[in-house]
Amino acid sequence: LFFMLHVAAFFAMLAGMIRGPLAWRTYLAWSSGASFLIALFPAFQLAFPGFFFDPAAERFSGTVGNPIFLAAYLLFHVFIAGHLAFESRARGQRTLAALFGVIALFDAGVIAMTQTRGALAGLVAGLAVLSVFYAVRPFGTDIVPPPRGRAAIAAAWTALFLLSSFFYATRAHPAWSSVPVFGRLSAQGLQAAPRLMAWRIGLVSFADRPLFGWGFENSSVGFNAHYDPRLLRYGSGEIAFDKPHNAFVQALAETGILGFAAYAAFFAILLWRSRRAPWLIALLAAYLVQDFFAFDTVTSYVMLAVIAAYAASYDLPDAHRALSGSAPNIPFAVLCIFAFAALAYFPYYPVWRASHAEWTAINEFVQKRIPEGMAAFFDVLSVRTPYIAYVRKDLAPMIGQMHRQNIALPDLRATIARAADELRAAIRDNPSNYAFLAGFAEFATTAYDVDASYLTEAEKVLADAEALSPRRQT
(Lines give C-alpha, C1' and ligand atoms only; values in the text may rest on other atoms or scores of the structure.)
Protein backbone atom coordinates (compact mmCIF):
# COMPACT_ATOMS: atom_id res chain seq x y z
CA LEU A 1 0.00 0.00 0.00
CA PHE A 2 2.90 2.34 0.83
CA PHE A 3 4.38 1.67 -2.61
CA MET A 4 1.02 2.09 -4.38
CA LEU A 5 0.64 5.54 -2.84
CA HIS A 6 3.99 6.44 -4.39
CA VAL A 7 2.83 5.15 -7.78
CA ALA A 8 -0.32 7.28 -7.51
CA ALA A 9 1.79 10.33 -6.62
CA PHE A 10 4.08 9.62 -9.58
CA PHE A 11 1.04 9.44 -11.89
CA ALA A 12 -0.32 12.76 -10.55
CA MET A 13 3.08 14.42 -10.97
CA LEU A 14 3.47 13.27 -14.58
CA ALA A 15 -0.10 14.12 -15.56
CA GLY A 16 0.23 17.59 -14.05
CA MET A 17 3.72 18.48 -15.27
CA ILE A 18 3.98 16.86 -18.72
CA ARG A 19 1.21 18.15 -20.93
CA GLY A 20 0.94 18.24 -24.67
CA PRO A 21 2.33 16.04 -27.49
CA LEU A 22 5.75 17.69 -27.68
CA ALA A 23 6.49 17.38 -23.96
CA TRP A 24 5.35 13.77 -23.92
CA ARG A 25 7.35 12.91 -27.02
CA THR A 26 10.49 14.21 -25.29
CA TYR A 27 9.77 12.26 -22.11
CA LEU A 28 9.02 9.02 -23.95
CA ALA A 29 12.14 9.43 -26.09
CA TRP A 30 14.35 9.66 -22.99
CA SER A 31 12.52 6.75 -21.39
CA SER A 32 13.13 4.65 -24.52
CA GLY A 33 16.82 5.54 -24.42
CA ALA A 34 16.99 4.46 -20.78
CA SER A 35 15.30 1.14 -21.64
CA PHE A 36 17.96 0.51 -24.30
CA LEU A 37 20.75 0.98 -21.74
CA ILE A 38 19.01 -1.31 -19.26
CA ALA A 39 18.50 -3.94 -21.97
CA LEU A 40 22.10 -3.52 -23.13
CA PHE A 41 23.57 -4.51 -19.76
CA PRO A 42 22.68 -8.25 -19.83
CA ALA A 43 23.71 -8.40 -23.48
CA PHE A 44 27.07 -6.91 -22.46
CA GLN A 45 27.32 -9.51 -19.70
CA LEU A 46 26.76 -12.24 -22.30
CA ALA A 47 29.34 -10.85 -24.70
CA PHE A 48 31.97 -10.17 -22.00
CA PRO A 49 31.35 -12.62 -19.15
CA GLY A 50 32.91 -11.61 -15.87
CA PHE A 51 33.99 -8.18 -17.13
CA PHE A 52 31.35 -6.28 -15.21
CA PHE A 53 29.65 -7.79 -12.17
CA ASP A 54 28.50 -11.38 -12.74
CA PRO A 55 28.28 -13.17 -16.10
CA ALA A 56 24.85 -13.31 -17.70
CA ALA A 57 22.58 -16.07 -16.48
CA GLU A 58 20.64 -18.37 -18.79
CA ARG A 59 17.71 -15.99 -18.45
CA PHE A 60 18.57 -12.31 -18.85
CA SER A 61 17.79 -10.20 -15.78
CA GLY A 62 20.37 -7.40 -15.92
CA THR A 63 20.53 -4.79 -13.18
CA VAL A 64 16.83 -5.34 -12.45
CA GLY A 65 17.75 -8.72 -10.98
CA ASN A 66 14.70 -10.70 -12.08
CA PRO A 67 13.82 -11.87 -15.62
CA ILE A 68 10.07 -11.30 -15.11
CA PHE A 69 10.64 -7.76 -13.83
CA LEU A 70 12.98 -6.90 -16.69
CA ALA A 71 10.62 -8.31 -19.33
CA ALA A 72 7.66 -6.35 -17.91
CA TYR A 73 9.64 -3.10 -18.11
CA LEU A 74 10.89 -3.69 -21.65
CA LEU A 75 7.46 -4.78 -22.91
CA PHE A 76 6.17 -1.23 -22.48
CA HIS A 77 9.14 0.22 -24.31
CA VAL A 78 8.85 -2.04 -27.34
CA PHE A 79 5.57 -0.28 -28.16
CA ILE A 80 6.70 3.16 -26.99
CA ALA A 81 9.86 3.06 -29.12
CA GLY A 82 7.94 1.53 -32.02
CA HIS A 83 5.40 4.35 -31.86
CA LEU A 84 8.17 6.95 -31.82
CA ALA A 85 9.79 5.25 -34.82
CA PHE A 86 6.56 5.38 -36.85
CA GLU A 87 5.92 8.97 -35.80
CA SER A 88 9.46 10.07 -36.64
CA ARG A 89 9.25 8.47 -40.08
CA ALA A 90 5.98 10.29 -40.73
CA ARG A 91 7.70 13.57 -39.82
CA GLY A 92 10.52 12.83 -42.23
CA GLN A 93 13.03 12.25 -39.42
CA ARG A 94 14.53 9.09 -40.86
CA THR A 95 17.55 8.95 -38.54
CA LEU A 96 15.39 9.17 -35.44
CA ALA A 97 12.99 6.63 -36.92
CA ALA A 98 15.85 4.18 -37.43
CA LEU A 99 17.16 4.83 -33.91
CA PHE A 100 13.81 4.18 -32.23
CA GLY A 101 13.23 1.17 -34.47
CA VAL A 102 16.52 -0.35 -33.33
CA ILE A 103 15.56 0.27 -29.68
CA ALA A 104 12.17 -1.43 -30.16
CA LEU A 105 13.72 -4.46 -31.86
CA PHE A 106 16.56 -4.72 -29.35
CA ASP A 107 14.18 -4.52 -26.39
CA ALA A 108 12.03 -7.22 -27.97
CA GLY A 109 15.09 -9.42 -28.43
CA VAL A 110 16.07 -9.03 -24.78
CA ILE A 111 12.50 -9.91 -23.76
CA ALA A 112 12.98 -13.15 -25.68
CA MET A 113 16.25 -13.75 -23.84
CA THR A 114 14.51 -13.34 -20.47
CA GLN A 115 12.54 -16.44 -21.54
CA THR A 116 9.48 -15.09 -19.71
CA ARG A 117 6.54 -16.82 -21.31
CA GLY A 118 3.93 -14.34 -20.07
CA ALA A 119 5.83 -11.38 -21.56
CA LEU A 120 6.34 -13.22 -24.85
CA ALA A 121 2.62 -14.01 -25.03
CA GLY A 122 1.86 -10.36 -24.28
CA LEU A 123 4.25 -9.17 -26.98
CA VAL A 124 2.62 -11.43 -29.57
CA ALA A 125 -0.87 -10.31 -28.48
CA GLY A 126 0.06 -6.63 -28.68
CA LEU A 127 1.56 -7.04 -32.14
CA ALA A 128 -1.56 -8.93 -33.24
CA VAL A 129 -3.77 -6.04 -32.09
CA LEU A 130 -1.52 -3.60 -33.91
CA SER A 131 -1.67 -5.72 -37.08
CA VAL A 132 -5.47 -5.75 -36.99
CA PHE A 133 -5.53 -1.95 -36.71
CA TYR A 134 -3.15 -1.68 -39.64
CA ALA A 135 -5.14 -4.11 -41.75
CA VAL A 136 -8.41 -2.29 -41.07
CA ARG A 137 -7.13 1.26 -41.10
CA PRO A 138 -3.51 2.36 -41.71
CA PHE A 139 -2.01 4.55 -39.04
CA GLY A 140 -2.22 7.71 -41.08
CA THR A 141 1.47 7.64 -41.99
CA ASP A 142 3.31 7.22 -45.27
CA ILE A 143 5.85 4.71 -43.96
CA VAL A 144 4.92 2.11 -46.56
CA PRO A 145 2.11 2.03 -49.09
CA PRO A 146 -0.82 0.07 -47.63
CA PRO A 147 -0.60 -2.95 -50.01
CA ARG A 148 3.11 -3.47 -49.24
CA GLY A 149 2.56 -2.92 -45.54
CA ARG A 150 -0.28 -5.39 -45.33
CA ALA A 151 1.68 -7.94 -47.35
CA ALA A 152 4.69 -7.57 -45.04
CA ILE A 153 2.51 -8.07 -41.96
CA ALA A 154 0.86 -11.12 -43.50
CA ALA A 155 4.27 -12.57 -44.39
CA ALA A 156 5.60 -11.99 -40.86
CA TRP A 157 2.63 -13.70 -39.21
CA THR A 158 2.82 -16.59 -41.68
CA ALA A 159 6.51 -17.08 -40.87
CA LEU A 160 5.79 -16.97 -37.14
CA PHE A 161 3.01 -19.53 -37.53
CA LEU A 162 5.22 -21.89 -39.54
CA LEU A 163 8.11 -21.55 -37.05
CA SER A 164 5.79 -22.18 -34.10
CA SER A 165 4.24 -25.19 -35.79
CA PHE A 166 7.64 -26.66 -36.64
CA PHE A 167 8.88 -26.14 -33.07
CA TYR A 168 5.76 -27.71 -31.57
CA ALA A 169 6.04 -30.75 -33.82
CA THR A 170 9.76 -31.26 -33.02
CA ARG A 171 9.90 -29.89 -29.46
CA ALA A 172 11.12 -33.22 -28.05
CA HIS A 173 14.22 -33.23 -30.27
CA PRO A 174 17.42 -32.72 -28.21
CA ALA A 175 18.73 -30.15 -30.69
CA TRP A 176 16.35 -27.56 -29.27
CA SER A 177 17.96 -27.77 -25.80
CA SER A 178 20.94 -25.70 -26.94
CA VAL A 179 18.86 -22.99 -28.66
CA PRO A 180 18.16 -19.91 -26.50
CA VAL A 181 14.47 -19.41 -25.58
CA PHE A 182 13.42 -22.59 -27.38
CA GLY A 183 15.54 -24.67 -25.01
CA ARG A 184 13.47 -23.63 -21.98
CA LEU A 185 10.22 -24.09 -23.88
CA SER A 186 11.24 -27.56 -25.03
CA ALA A 187 12.23 -28.54 -21.47
CA GLN A 188 9.23 -27.09 -19.67
CA GLY A 189 6.83 -26.72 -22.54
CA LEU A 190 3.68 -24.84 -21.74
CA GLN A 191 3.37 -26.69 -18.45
CA ALA A 192 0.42 -25.02 -16.85
CA ALA A 193 -0.73 -27.42 -14.14
CA PRO A 194 0.95 -25.61 -11.17
CA ARG A 195 -0.27 -22.22 -12.36
CA LEU A 196 -3.79 -23.51 -12.95
CA MET A 197 -3.81 -24.95 -9.44
CA ALA A 198 -2.61 -21.61 -8.05
CA TRP A 199 -5.38 -19.81 -9.97
CA ARG A 200 -7.99 -22.21 -8.63
CA ILE A 201 -6.71 -21.75 -5.08
CA GLY A 202 -6.86 -17.98 -5.56
CA LEU A 203 -10.48 -18.17 -6.68
CA VAL A 204 -11.39 -20.44 -3.78
CA SER A 205 -9.74 -18.05 -1.33
CA PHE A 206 -11.70 -15.20 -2.95
CA ALA A 207 -14.89 -17.12 -2.17
CA ASP A 208 -13.87 -17.06 1.52
CA ARG A 209 -13.84 -13.25 1.57
CA PRO A 210 -15.72 -12.11 -1.53
CA LEU A 211 -16.40 -8.51 -0.52
CA PHE A 212 -13.05 -7.07 0.59
CA GLY A 213 -10.62 -9.96 0.01
CA TRP A 214 -7.63 -10.87 2.15
CA GLY A 215 -5.88 -7.52 1.82
CA PHE A 216 -2.94 -6.26 -0.25
CA GLU A 217 -0.06 -8.73 -0.53
CA ASN A 218 -1.98 -11.36 1.46
CA SER A 219 -2.60 -13.85 -1.35
CA SER A 220 -0.30 -16.30 0.41
CA VAL A 221 -2.63 -16.52 3.42
CA GLY A 222 -5.49 -17.79 1.27
CA PHE A 223 -3.08 -19.95 -0.73
CA ASN A 224 -1.83 -21.71 2.39
CA ALA A 225 -5.36 -22.22 3.72
CA HIS A 226 -6.37 -24.02 0.51
CA TYR A 227 -2.99 -25.50 -0.47
CA ASP A 228 -3.22 -28.35 -2.99
CA PRO A 229 -0.83 -31.23 -2.09
CA ARG A 230 -0.55 -32.18 -5.78
CA LEU A 231 1.71 -29.17 -6.31
CA LEU A 232 4.60 -31.13 -4.82
CA ARG A 233 4.52 -33.41 -7.89
CA TYR A 234 6.04 -30.55 -9.87
CA GLY A 235 8.95 -29.92 -7.50
CA SER A 236 9.59 -28.03 -4.30
CA GLY A 237 9.73 -24.76 -6.22
CA GLU A 238 6.00 -24.99 -6.94
CA ILE A 239 4.67 -25.31 -3.39
CA ALA A 240 5.00 -21.70 -2.23
CA PHE A 241 3.03 -19.15 -4.26
CA ASP A 242 3.01 -15.72 -2.64
CA LYS A 243 0.95 -14.60 -5.64
CA PRO A 244 -1.26 -16.69 -7.95
CA HIS A 245 0.65 -15.59 -11.09
CA ASN A 246 -2.51 -14.05 -12.51
CA ALA A 247 -3.07 -10.37 -11.76
CA PHE A 248 -6.84 -10.67 -12.16
CA VAL A 249 -7.16 -13.60 -9.75
CA GLN A 250 -4.81 -11.76 -7.40
CA ALA A 251 -7.01 -8.65 -7.48
CA LEU A 252 -10.06 -10.75 -6.64
CA ALA A 253 -8.33 -12.64 -3.82
CA GLU A 254 -6.70 -9.58 -2.24
CA THR A 255 -9.31 -6.84 -2.72
CA GLY A 256 -12.58 -8.72 -3.24
CA ILE A 257 -15.30 -7.86 -5.69
CA LEU A 258 -15.26 -4.17 -4.73
CA GLY A 259 -11.54 -3.82 -5.36
CA PHE A 260 -11.77 -5.82 -8.58
CA ALA A 261 -14.57 -3.55 -9.82
CA ALA A 262 -12.33 -0.52 -9.26
CA TYR A 263 -9.45 -2.37 -10.96
CA ALA A 264 -11.61 -3.16 -14.01
CA ALA A 265 -13.00 0.40 -14.12
CA PHE A 266 -9.45 1.81 -14.19
CA PHE A 267 -8.56 -0.18 -17.30
CA ALA A 268 -11.91 0.56 -18.94
CA ILE A 269 -11.29 4.30 -18.55
CA LEU A 270 -7.69 3.91 -19.69
CA LEU A 271 -8.74 2.03 -22.84
CA TRP A 272 -11.42 4.63 -23.56
CA ARG A 273 -8.86 7.42 -23.25
CA SER A 274 -6.59 5.49 -25.63
CA ARG A 275 -9.23 4.89 -28.29
CA ARG A 276 -7.58 7.23 -30.82
CA ALA A 277 -4.10 5.74 -30.36
CA PRO A 278 -3.82 2.21 -31.82
CA TRP A 279 -0.29 1.75 -30.46
CA LEU A 280 -1.52 2.54 -26.96
CA ILE A 281 -4.36 0.02 -27.21
CA ALA A 282 -1.86 -2.57 -28.46
CA LEU A 283 0.45 -1.80 -25.54
CA LEU A 284 -2.38 -2.21 -23.03
CA ALA A 285 -3.40 -5.48 -24.69
CA ALA A 286 0.17 -6.74 -24.34
CA TYR A 287 0.27 -5.66 -20.70
CA LEU A 288 -3.06 -7.31 -19.83
CA VAL A 289 -2.15 -10.57 -21.56
CA GLN A 290 1.17 -10.64 -19.73
CA ASP A 291 -0.63 -10.02 -16.43
CA PHE A 292 -2.95 -12.93 -17.14
CA PHE A 293 0.09 -15.20 -16.76
CA ALA A 294 2.09 -13.21 -14.22
CA PHE A 295 1.74 -10.42 -11.67
CA ASP A 296 2.57 -6.75 -11.43
CA THR A 297 6.00 -5.69 -10.25
CA VAL A 298 7.71 -2.42 -9.40
CA THR A 299 8.75 -1.99 -13.03
CA SER A 300 5.30 -2.65 -14.50
CA TYR A 301 3.52 -0.43 -11.95
CA VAL A 302 5.86 2.48 -12.67
CA MET A 303 5.43 2.14 -16.44
CA LEU A 304 1.66 1.74 -16.08
CA ALA A 305 1.63 5.06 -14.20
CA VAL A 306 3.53 6.62 -17.12
CA ILE A 307 1.07 5.28 -19.69
CA ALA A 308 -1.95 6.31 -17.59
CA ALA A 309 -0.54 9.84 -17.24
CA TYR A 310 0.13 9.96 -20.98
CA ALA A 311 -3.42 8.86 -21.80
CA ALA A 312 -4.79 11.47 -19.38
CA SER A 313 -2.83 14.47 -20.64
CA TYR A 314 -1.15 13.92 -24.00
CA ASP A 315 -3.93 15.69 -25.93
CA LEU A 316 -4.13 18.69 -23.58
CA PRO A 317 -2.60 22.05 -24.56
CA ASP A 318 0.96 22.63 -23.49
CA ALA A 319 1.20 24.05 -19.98
CA HIS A 320 2.61 27.55 -19.58
CA ARG A 321 3.51 29.35 -16.39
CA ALA A 322 2.52 32.98 -16.02
CA LEU A 323 4.96 35.22 -14.17
CA SER A 324 3.01 37.49 -11.86
CA GLY A 325 5.85 39.86 -11.06
CA SER A 326 4.96 39.90 -7.38
CA ALA A 327 7.64 39.51 -4.76
CA PRO A 328 8.25 35.93 -3.57
CA ASN A 329 6.86 34.95 -0.20
CA ILE A 330 10.10 34.03 1.57
CA PRO A 331 8.59 32.77 4.86
CA PHE A 332 6.15 30.55 3.01
CA ALA A 333 8.94 29.17 0.81
CA VAL A 334 11.08 28.38 3.88
CA LEU A 335 8.10 26.67 5.54
CA CYS A 336 7.55 24.54 2.44
CA ILE A 337 11.22 23.53 2.36
CA PHE A 338 11.09 22.40 5.98
CA ALA A 339 7.79 20.56 5.40
CA PHE A 340 9.16 18.67 2.41
CA ALA A 341 12.39 17.89 4.28
CA ALA A 342 10.37 16.42 7.15
CA LEU A 343 8.23 14.39 4.77
CA ALA A 344 11.38 13.08 3.10
CA TYR A 345 13.16 12.28 6.37
CA PHE A 346 10.63 10.38 8.43
CA PRO A 347 9.45 7.79 5.86
CA TYR A 348 12.68 7.39 3.88
CA TYR A 349 15.70 7.93 6.10
CA PRO A 350 15.05 4.86 8.30
CA VAL A 351 14.65 2.71 5.19
CA TRP A 352 17.89 4.10 3.73
CA ARG A 353 19.72 3.57 7.01
CA ALA A 354 18.50 -0.03 7.32
CA SER A 355 19.37 -0.79 3.68
CA HIS A 356 22.85 0.68 4.11
CA ALA A 357 23.44 -1.33 7.29
CA GLU A 358 22.29 -4.53 5.56
CA TRP A 359 24.62 -3.85 2.63
CA THR A 360 27.44 -3.30 5.13
CA ALA A 361 26.62 -6.59 6.88
CA ILE A 362 26.69 -8.55 3.62
CA ASN A 363 29.96 -6.91 2.62
CA GLU A 364 31.51 -7.80 6.00
CA PHE A 365 30.38 -11.42 5.62
CA VAL A 366 31.90 -11.60 2.13
CA GLN A 367 35.18 -10.32 3.60
CA LYS A 368 34.90 -13.03 6.30
CA ARG A 369 34.64 -10.46 9.07
CA ILE A 370 31.87 -12.28 10.91
CA PRO A 371 31.71 -10.22 14.17
CA GLU A 372 31.54 -6.95 12.23
CA GLY A 373 28.89 -8.41 9.92
CA MET A 374 26.78 -9.58 12.86
CA ALA A 375 27.01 -6.14 14.47
CA ALA A 376 25.89 -4.48 11.24
CA PHE A 377 22.99 -6.92 10.87
CA PHE A 378 21.84 -6.25 14.42
CA ASP A 379 22.02 -2.53 13.56
CA VAL A 380 19.50 -3.21 10.79
CA LEU A 381 17.13 -4.68 13.37
CA SER A 382 17.41 -1.55 15.52
CA VAL A 383 15.74 0.52 12.80
CA ARG A 384 11.96 0.39 12.54
CA THR A 385 10.95 0.02 8.90
CA PRO A 386 7.98 -1.59 7.13
CA TYR A 387 10.28 -4.49 6.19
CA ILE A 388 11.70 -5.40 9.59
CA ALA A 389 9.72 -8.67 9.80
CA TYR A 390 11.48 -9.96 6.69
CA VAL A 391 14.89 -8.91 8.01
CA ARG A 392 14.11 -10.90 11.16
CA LYS A 393 13.06 -13.87 9.04
CA ASP A 394 16.31 -13.75 7.05
CA LEU A 395 18.56 -13.50 10.11
CA ALA A 396 17.76 -16.93 11.59
CA PRO A 397 18.52 -19.13 8.55
CA MET A 398 21.68 -17.12 7.86
CA ILE A 399 22.99 -17.73 11.38
CA GLY A 400 21.85 -21.35 11.27
CA GLN A 401 23.66 -21.93 7.99
CA MET A 402 26.90 -20.39 9.30
CA HIS A 403 26.66 -22.54 12.43
CA ARG A 404 26.07 -25.65 10.32
CA GLN A 405 29.19 -24.80 8.27
CA ASN A 406 31.23 -24.52 11.50
CA ILE A 407 31.88 -20.80 11.00
CA ALA A 408 32.85 -19.30 14.34
CA LEU A 409 30.12 -17.00 15.61
CA PRO A 410 30.70 -14.49 18.43
CA ASP A 411 29.06 -15.71 21.66
CA LEU A 412 27.33 -18.63 19.91
CA ARG A 413 24.60 -19.27 22.46
CA ALA A 414 23.63 -15.58 22.71
CA THR A 415 23.70 -15.15 18.92
CA ILE A 416 21.46 -18.18 18.37
CA ALA A 417 19.11 -16.94 21.09
CA ARG A 418 18.96 -13.48 19.47
CA ALA A 419 18.07 -15.01 16.11
CA ALA A 420 15.33 -17.10 17.72
CA ASP A 421 13.92 -14.05 19.53
CA GLU A 422 13.83 -12.02 16.34
CA LEU A 423 12.06 -14.81 14.49
CA ARG A 424 9.55 -15.12 17.34
CA ALA A 425 8.90 -11.37 17.03
CA ALA A 426 8.29 -11.75 13.29
CA ILE A 427 5.80 -14.56 13.97
CA ARG A 428 4.10 -12.53 16.70
CA ASP A 429 3.61 -9.61 14.30
CA ASN A 430 2.59 -11.88 11.39
CA PRO A 431 0.76 -14.87 12.92
CA SER A 432 -0.85 -15.83 9.61
CA ASN A 433 2.42 -16.03 7.67
CA TYR A 434 3.14 -19.71 7.10
CA ALA A 435 6.67 -19.01 5.84
CA PHE A 436 7.70 -17.47 9.16
CA LEU A 437 6.42 -20.46 11.12
CA ALA A 438 8.08 -22.95 8.79
CA GLY A 439 11.26 -20.88 8.96
CA PHE A 440 11.41 -21.26 12.73
CA ALA A 441 11.04 -25.04 12.45
CA GLU A 442 13.86 -25.17 9.90
CA PHE A 443 16.02 -22.92 12.09
CA ALA A 444 15.48 -25.29 15.04
CA THR A 445 17.05 -28.15 13.09
CA THR A 446 20.31 -26.16 12.92
CA ALA A 447 20.25 -24.83 16.50
CA TYR A 448 19.15 -27.83 18.56
CA ASP A 449 22.74 -28.78 19.45
CA VAL A 450 23.07 -25.42 21.22
CA ASP A 451 19.72 -25.67 22.99
CA ALA A 452 17.53 -28.75 22.60
CA SER A 453 14.43 -26.79 23.68
CA TYR A 454 14.26 -25.29 20.18
CA LEU A 455 13.05 -28.66 18.85
CA THR A 456 10.25 -28.78 21.42
CA GLU A 457 9.23 -25.25 20.51
CA ALA A 458 9.41 -26.14 16.81
CA GLU A 459 6.82 -28.89 17.30
CA LYS A 460 4.33 -26.35 18.62
CA VAL A 461 5.19 -23.90 15.85
CA LEU A 462 4.67 -26.62 13.24
CA ALA A 463 1.26 -27.37 14.76
CA ASP A 464 0.33 -23.71 14.31
CA ALA A 465 1.66 -23.83 10.74
CA GLU A 466 -0.40 -26.94 10.04
CA ALA A 467 -3.51 -25.11 11.25
CA LEU A 468 -2.80 -22.37 8.66
CA SER A 469 -2.18 -24.87 5.86
CA PRO A 470 -3.77 -28.18 6.88
CA ARG A 471 -3.23 -29.91 3.53
CA ARG A 472 0.45 -29.08 3.17
CA GLN A 473 3.09 -31.80 3.42
CA THR A 474 5.40 -31.30 6.43
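Asp379 has its side chain within reach of Arg353: a pair of non-hydrogen atoms, C-beta onward, lies under 4.5 Å apart. By the 4.5 Å heavy-atom criterion applied to side chains, Leu70 and Thr299 are not counted as neighbours. Counting heavy atoms from C-beta outward, Leu14 and Tyr310 have side chains that stay 4.5 Å or more apart. Side-chain contact between Phe248 and Leu288: present, with at least one pair of heavy atoms (C-beta onward) separated by less than 4.5 Å. Between Ile103 and Phe100 there is a side-chain heavy-atom pair separated by less than 4.5 Å. Within the 4.5 Å cutoff, side-chain heavy atoms of Tyr287 are placed close to those of Leu304. In this structure, the side chains of Phe206 and Pro210 come closer than 4.5 Å at one or more pairs of heavy atoms. At least one side-chain heavy atom of Phe3 sits less than 4.5 Å from a side-chain heavy atom of Val7.
Side-chain contact of Trp214 with Thr255: a donor-acceptor pair under 3.5 Å is absent, judged by distance alone. In this structure, a donor-acceptor pair under 3.5 Å is absent between the side chains of Arg273 and Ser313. Counting only N and O atoms by type, the side chains of Ser35 and Asp107 include a donor and acceptor under 3.5 Å apart. Remark: the Asn363 side chain and the Thr360 side chain contain no N/O donor-acceptor pair separated by less than 3.5 Å.
Nearest heavy-atom pair across Val380 and Ala354 is CG2-O, 3.7 Å. Closest of all the heavy-atom pairs between Val221 and Ser432 is CG2-O, 3.9 Å. Annotation for Arg195 and Phe293: closest pair NH1-O, 3.3 Å, computed over non-hydrogen atoms. Across every non-hydrogen atom of Leu75 and Ala286, the tightest pair is CD2-O, 3.8 Å. Closest approach of Gln250 and Ser219 over heavy atoms only: CG-OG, 3.7 Å. Heavy-atom minimum distance, Ala104 versus Gly82: CB-N, 3.8 Å.
A distance of 11.0 Å separates CG of Leu258 from CG of Leu252, quoted to the nearest 0.5 Å. Between the NE2 atom of His77 and the CG atom of Leu28 there is a distance of 8.0 Å, given to the nearest 0.5 Å. Atom CG of residue Leu381 and atom CD of residue Glu422 lie 4.5 Å apart, to the nearest 0.5 angstrom. Atom CD1 of residue Ile111 and atom OG1 of residue Thr116 lie 8.5 Å apart, to the nearest 0.5 angstrom. Note that CZ of Arg94 is 4.0 Å distant from CZ of Arg89, once rounded to the nearest 0.5 Å. Remark: Leu74 CG to Phe106 CZ distance equals 9.0 Å, nearest 0.5 Å.
Under a 3.5 Å cut-off, the side chain of Asn246 and the backbone N or O of Phe292 do form a donor-acceptor pair. Checked by atom type and distance alone, the side chain of Ser469 never pairs as donor or acceptor with a backbone atom of Ala465 at under 3.5 Å. Within the 3.5 Å criterion, the main-chain N or O of Ala85 finds no donor-acceptor partner in the side chain of Ser88. Checking side-chain atoms of Asp291 against main-chain N and O of Ala294 turns up no donor-acceptor pair under 3.5 Å. Remark: side-chain polar atoms of Arg275 are paired, donor with acceptor, to backbone N or O of Trp272 under 3.5 angstrom.
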Self-check item: CA sep, side-chain torsions, deciding dist, call: Arg392, Leu423, side-chain contact (heavy atoms from CB on, under 4.5 Å)
Solution: CA-CA 6 Å; Arg392 287 168 167 163; Leu423 195 46; 5.7 Å; no
Practice problem: Evaluate the criterion side-chain contact (heavy atoms from CB on, under 4.5 Å) for residue pair Arg200 and Leu196; output intermediate values, then yes/no. | Solution: CA-CA 6 Å; Arg200 184 189 63 79; Leu196 292 175; over 6 Å; no
Exercise. Show your reasoning for whether side-chain contact (heavy atoms from CB on, under 4.5 Å) applies to Phe76 and Val306.
Key: CA-CA 10 Å; Phe76 283 88; Val306 171; over 6 Å; no
Self-check item: Working for side-chain contact (heavy atoms from CB on, under 4.5 Å), residues Phe377 and Met398
Solution: CA-CA 11 Å; Phe377 215 105; Met398 179 186 66; 3.7 Å; yes
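Ring geometry, His356 versus Trp359: the interplanar angle falls from 30° to 60°, so the pair is classed tilted. In this structure, Phe223 and Tyr227 have perpendicular ring planes: the angle between them is above 60°, well past the 30° mark.
Note: Phe79 and His83 fail the aromatic proximity criterion, with ring centroids not under 6.0 Å apart. You'll find the ring centres of Tyr73 and Phe69 outside the 6.0 Å limit.
Cation-pi check for Lys243 over Phe295 is met; the charged atom lies under 6.0 angstrom from the ring centroid and within 45 degrees of its normal.
More than 12 heavy atoms of other residues, nucleotides or ligands sit less than 6.0 Å from atom CZ of Phe10.
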